[in-house]
Engineer: 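Pasting a structure here, questions to come.
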Amino acid sequence: MAERPTGIAELHQRIPFLLSQLGVYLADDFVRRLAPFGVEPRTYAVLKALIEDDGQSQRQLSSQLSIHRNVMVAIIDKLEDQGLAKRMPHPGDRRAFAVTLTDKARKLLPALDAEGRAQEDEITASLTAAERKIVLRDLQRMSAAAGLIPGVHPKLV
């Protein structure tokens with residue numbers, strides 16, 4: 001019996017292909033959703049890290065988000081230029097700056113979060129609430145098994 005040639009339709013049966021296809025689609029869509037706010041995904045990630053623990057040093061943010069420290073400096077520069085963050089002397093380290101959110105950033109974050117929730121609702125609209133929980137659980141398990149850091153996107157660097 002001859003082997004069936006592999007084709008494009010067969011890719012639709014492979015989990016890595018489907019995850020990659022969805023990932024690229026969602027990443028591009030998220031960039032598009034954030035653009036009207038003047039925010040990129042990695043600046044959003046820094047804002048989210050600061051809303052959870054304001055006043056972190058650039059070094060702490062770099063470590064937490066796995067973003068090279070030189071790249072982090074540029075991100076914080078951009079956030080300062082946009083009036084979304086400011087550097088202040090770090091209370092625990094004279095050589096470091098504490099990065100803090102501005103009121104403008106605190107007012108902006110709910111709108112950015114709403115875009116993320118809207119995207120999730122749209123991509124999972126065909127699923128029941130129970131199915132959504134299962135997909136989330138399974139994706140979290142696969143991410144953990146791959147050694148990925150929870151909440152840190154590997155393309156933020």
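Along the sequence shown, residues carry numbers from 1.
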Engineer: Check Leu18 against His12 and note the closest heavy-atom contact, atom names and distance.
Structural biologist: CD1-O, 3.4 Å
Engineer: In terms of heavy-atom contacts, does CZ of Arg59 have more than 12 from other residues, nucleotides or ligands at under 6.0 Å?
Structural biologist: no
Engineer: Kindly give the heavy-atom pair with the smallest separation between Glu131 and Ser126, and that separation in Å.
Structural biologist: OE1-O, 4.2 Å
Engineer: Can you tell me how far the OG atom of Ser62 sits from the CD1 atom of Ile76, to the nearest 0.5 Å?
Structural biologist: 8.0 Å
Engineer: Return the CG to NZ distance between Leu109 and Lys48, rounded to the nearest 0.5 Å.
Structural biologist: 6.5 Å
Engineer: CG/Asp113 to CD1/Ile51 distance, rounded to the nearest 0.5 angstrom?
Structural biologist: 8.5 Å
Engineer: Rounded to the nearest 0.5 Å, what's the gap from NZ on Lys78 to CG on Asp81? Could you check?
Structural biologist: 9.5 Å
Engineer: Taking ring pair (Phe, Tyr, Trp, His ring centres under 6.0 Å) as the cut-off, I'd like each qualifying pair that reaches into residues 32-64, sequence neighbours left out, listed once.
Structural biologist: Phe30-Tyr44
Engineer: Please determine whether a side-chain nitrogen of the Lys or Arg among Glu122 and Arg33 lies less than 4.0 Å from a carboxylate oxygen of the Asp or Glu.
Structural biologist: yes
Engineer: Determine, for Asp121 against Arg132, whether the closest basic-nitrogen to carboxylate-oxygen distance falls under 4.0 angstrom.
Structural biologist: yes
Engineer: Hey, could you give me the CG/CG distance between Leu79 and Leu101, rounded to the nearest 0.5 Å?
Structural biologist: 8.5 Å
Engineer: Please lay out, stage by stage, how Arg32 and Asp29 fare under the test salt bridge (Lys or Arg N to Asp or Glu O under 4.0 Å).
Structural biologist: CA-CA 5 Å; Arg32 182 189 58 75; Asp29 182 54; 2.5 Å; yes
Engineer: Find out whether Glu80 and Val99 are in side-chain contact, i.e. whether some heavy atom of one side chain is under 4.5 Å from a heavy atom of the other.
Structural biologist: no
Engineer: Kindly compute the distance separating CG (Leu112) from CG (Leu108), expressed to the nearest 0.5 Å.
Structural biologist: 4.0 Å
Engineer: Can a salt bridge be assigned to the pair Arg14 and Glu10 using a cut-off of 4.0 Å between side-chain N and carboxylate O?
Structural biologist: yes
Engineer: Quick one: closest heavy-atom pair of Gln56 and Ala49, and the distance?
Structural biologist: NE2-O, 3.2 Å
Engineer: Could Arg106 and Asp54 be called an ion pair, given the rule that one side-chain N must be under 4.0 Å from one carboxylate O?
Structural biologist: yes
Engineer: Are Pro41 and Val31 packed together at the side-chain level, in the sense that at least one heavy-atom pair is separated by less than 4.5 angstrom?
Structural biologist: yes
Engineer: Taking the side chain as C-beta and beyond, is there a heavy-atom pair between Arg42 and Val71 under 4.5 Å?
Structural biologist: yes
Engineer: Please find the pair of heavy atoms, one from Val152 and one from Gln64, that lie closest to each other, and give the distance.
Structural biologist: CG2-O, 3.3 Å
Engineer: Quick check: closest heavy atoms across Arg87 and Val73, and the distance to 0.1 Å?
Structural biologist: NH2-O, 3.3 Å
Engineer: Please give me the minimum heavy-atom distance between Gly55 and Thr100, naming the atom from each residue.
Structural biologist: CA-CG2, 3.9 Å
